[in-house]
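Reading through the structure tokens given below for one structure.
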Amino acid sequence: MTEHEVRSLIGQVEVAVRDAIDRALPELAGADPVVRRSEHADFQSNAALALAKRARTRPAEVAGAVSEALRASTVTPVAEVTVSGPGFLNLTLTDVSLWQQVAARLASPRLGVGSPEQGRHTVVDYSGPNVAKEMHVGHLRTTIIGDSLVRVLGFLGAEVIRQNHLGDWGTQFGMLIQYLDDHPDATWHHDELTEGISTVSALDNLYRAARAAFDADPAFAERARTRVVALQAGDEDTVARWKEIVAESEFAFREIYHRLGVLLEPEDSDGESFYNFLLPDVVDELTSAGIAVESDGALVVFSEEVTGPDGNPVTLMVRKKDGGYGYDTTDLATIRYRVRDLKADRILYVVDSRQALHFRLIFEAARRAGWLTDGIDAAHVAHGAVLGPDGRPFKTRSGDTVKLMELLDHAVDRARAAIADKAHELTDEDLARIAEQAGIGAVKYADLSTSRIKDYVFDVERMVSFNGNTGVYLQYAHTRICSILRKAAADRATEVDPTLPLHPAERALILELDAFGDTLAEVGRTLEPHRLCGHLYDLAKAFTDFYEACPVLSAAEPVRTNRIALCQLSARTLGQGLNLLGIAAPERM
RNA sequence: GCCCCCGUAGCUCAGCCGGAUAGAGCAAGCGACUUCUAAUCGCUAGGCCGCAGGUUCGAGUCCUGCCGGGGGCGCCA
């Protein structure tokens, strides 16, 4: 238990049942109490069914003995124990214990959530856009999932180090720089562009033009190659121009991150160029350890675990025949740097699932090199693709990649249309702000609420339909609570009277509220934000049921005060949960 | 050839460490605004959980084998 932590009810019940098992069946002491939420009571324990065989008796008998021991204990929150079915223990808690949870969580600055990640140095590698290229739909998932994990792990006490592995190095820059030199009249700086054109889209256009020239004009291609050599040799003018391009791109990335509510800042960027100067040393280390070996003129690492189609080991390309380095080498350098210099004990790569084999090989090599040790958890946090309505990778009608900014604009447009329909005397300014929050939230929630490993179909209309398991449903639930609290003018701390009887809708709501911290811990463990989405959706539904069944403002005291406390805790929990997903929680919609 | 991921309602998806009658939303039908925001709620209808074995008191969940879909396997990143 860490500071401010409030042990969840299910945790308390686990302790109670475990204790009861210890006393009723000493020979089975320490057994898993198998406590779960239940449709038939607040919680149920399924331990008796599993334990019966070990105790060489019938499940009902075990259940009976455990329930007796449970009833004999006076310090548990359990009010009622019944045995049902083949040996399920149905457990109902005292109303007092539920109200006490509300009071305790309300009194905690962090809602009683523990810090199970405390002391961990966790690197999260995510987003990774390419300099001079527009961010597109392919960057959506890594950026959003990665950012949510950063937020959750940070809230759970981890020291999180964000790493944006920019694609800021490579032969393409020779091409681009040469093209800019050949066309000094090209406009691409953010302060000289006309409204509606971003730096990256300007650079993106120039890049396409440069590519076309490279393919069509051998003389240009030759000059571009010379430029690559100049860049790598550190030629002053070329490097200056390169830095200028990177800075302009970072300016544009910052705009999109800001709009998305993503925490990444320029100082989180350690791109390919950052690792470039480390590569020879990484290669030396792997070579002298005998891990990297020569093959067909190149330097490779043969896997000891995976074979390819020809039956030979799969390889990492450490140094190409021409002496150049690819991204295998760069990723070997990242893992060494993150262990040695960033002191990471957990390294998360939030990257498309198609890179699964690549990371398996990287981790294998890093273990053999002694960089990754048993105490360090390196994981490929794989995610699926975003698909179009046809079930193929999401493209525009003309077959181009979908630009992220345009995708967001479209979602916000749809959100604005829906809000304008129902708006309650909103100013234009409020409408614009809320449409932005709802539209962006809808896109992010749709991405986060599905299992990250699976592909999903991008369907704006469903995302902003504002019904069902959507971001806006959660935002709306939050605004309704805020509205009550505004009218109650309940800004000071509320004293909960724990002796009041619970309405069923209050009971269901409190059980959900109480599970928030355990859900977060689960997200920290599984790295699956959709579990938080599911929980918040259940919470919002439980609140809506409460909202329908239990009047707050018109209730007589002392019920009114307790219900206001429930509203306060609901608003804070929902608000915190949305914040950890990186989604705004407006007070009015 | 080998490896990885996926397969649950017409559609889009949940289903936690194996637990009681598999859940939401959309779409379809019916109903509820004098009420703290109806962007909501209630009801109806909809299922060989890809198939077949196995483990288990108990399998959508674990294991094996198939079938179907997607992805990956040396000088691109």
Side-chain angles (χ1 to χ4, degrees), chain A residues 32 34 36-40 44 46 49-50 52-53 58-59 84-88 90 130 167 170-172 272 295-300 302-303 305-322 324 326-328 330 352-358 360-361 382 384-385 387 391 418-419 421-424 438 446 449-451 453-457 459 461-462 465-470 472-473 475-477 479-488 518-519 522 526 528 530-531 533-535 537-538 541 544-545 547-555 563 567 588-589:
Chain A
D32 183 355
V34 200
R36 305 283 186 268
R37 289 285 292 276
S38 178
E39 293 171 33
H40 305 83
Q44 66 184 56
N46 308 329
L49 296 98
K53 183 168 276 185
R58 293 176 304 113
S84 79
F88 297 106
N90 288 341
N130 293 316
T171 53
Q172 72 272 22
E272 291 166 353
S295 169
D296 289 339
L299 208 54
V300 301
F302 288 111
S303 172
E305 298 172 8
V306 190
T307 54
D310 50 7
N312 294 324
V314 169
T315 59
L316 283 173
M317 182 59 56
V318 170
R319 192 173 61 210
K320 294 185 284 188
K321 202 178 339 192
D322 67 6
Y327 103 131
D328 286 351
T330 312
D352 190 289
S353 63
R354 283 174 297 191
Q355 306 288 332
L357 176 59
H358 169 71
R360 187 174 170 188
L361 298 175
L387 305 178
I419 294 164
D421 258 4
K422 318 254 181 180
H424 309 276
S449 60
T450 185
S451 320
I453 195 65
K454 294 190 198 174
D455 299 345
Y456 74 90
V457 175
D459 180 344
E461 298 309 321
R462 180 158 10 87
S465 78
F466 302 169
N467 263 310
N469 190 9
T470 66
V472 179
Y473 179 86
Q475 291 175 321
Y476 179 62
T479 62
R480 285 171 125 187
I481 310 171
C482 290
S483 178
I484 293 176
L485 292 174
R486 248 191 329 269
K487 292 195 163 123
D518 289 345
T519 302
E522 206 177 290
T526 62
E528 294 178 337
H530 83 279
R531 294 170 187 270
C533 295
H535 173 257
Y537 181 53
D538 289 342
K541 276 199 293 192
T544 305
D545 288 347
Y547 184 91
E548 304 278 331
C550 302
V552 176
L553 298 175
S554 62
R563 287 185 177 167
C567 289
R588 292 173 205 265
M589 290 181 85

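Naming convention: chains lettered A, B, ... in sequence-line order (proteins, then strands); numbering from 1 in each chain.
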Assign a letter to each nucleotide of nucleotides 17-29 of chain B from its 5' end: B, base within under 4.0 Å of a protein heavy atom; S, sugar-phosphate only; -, no contact. B-BB---SSS---
Residues that A/T171 engages under side-chain contact (heavy atoms from CB on, under 4.5 Å), provided they are two or more places apart: A/V228
Watson-Crick or G-U stems of RNA chain B, 3 or more pairs, under 3.5 Å, by first number: B:1-7 with B:67-73, B:10-13 with B:23-26, B:28-32 with B:40-44, B:50-54 with B:62-66
Any chance you could list the contact pattern along nucleotides 71-77 of chain B? Use B for base contacts, S for sugar-phosphate-only contacts and - for none, protein heavy atoms under 4.0 Å, 5' to 3'. SSBBB-B
Going by salt bridge (charged side-chain N to carboxylate O under 4.0 Å, His left out), name the residues that satisfy it together with A/R36, two or more places apart in sequence or in a different chain. none
With sequence neighbours left out, what residues match A/R58 under side-chain contact (heavy atoms from CB on, under 4.5 Å)? A/A60, A/E61
Distances for protein N/O vs nucleotides 6-9 of chain B N/O pairs under 3.5 angstrom?
| from | atom 1 | to | atom 2 | distance (Å) |
| --- | --- | --- | --- | --- |
| B/G7 | OP1 | A/K454 | NZ | 3.1 |

Only counting residues at least two apart or in another chain, list the ones meeting salt bridge (charged side-chain N to carboxylate O under 4.0 Å, His left out) with A/R531. A/E522, A/E528
Between the main-chain N or O of A/I453 and the side-chain N or O of A/S451, is there a donor-acceptor pair closer than 3.5 Å? no
Would you please name every residue forming a side-chain contact (heavy atoms from CB on, under 4.5 Å) with A/A50, sequence neighbours left out? none
Taking salt bridge (charged side-chain N to carboxylate O under 4.0 Å, His left out) as the test, write out the residues that go with A/R563, two or more places apart. A/E506
Of all residues at least two apart in sequence or in a different chain, which pass the side-chain contact (heavy atoms from CB on, under 4.5 Å) check with A/D32? A/V34
Going by salt bridge (charged side-chain N to carboxylate O under 4.0 Å, His left out), name the residues that satisfy it together with A/R588, two or more places apart in sequence or in a different chain. none
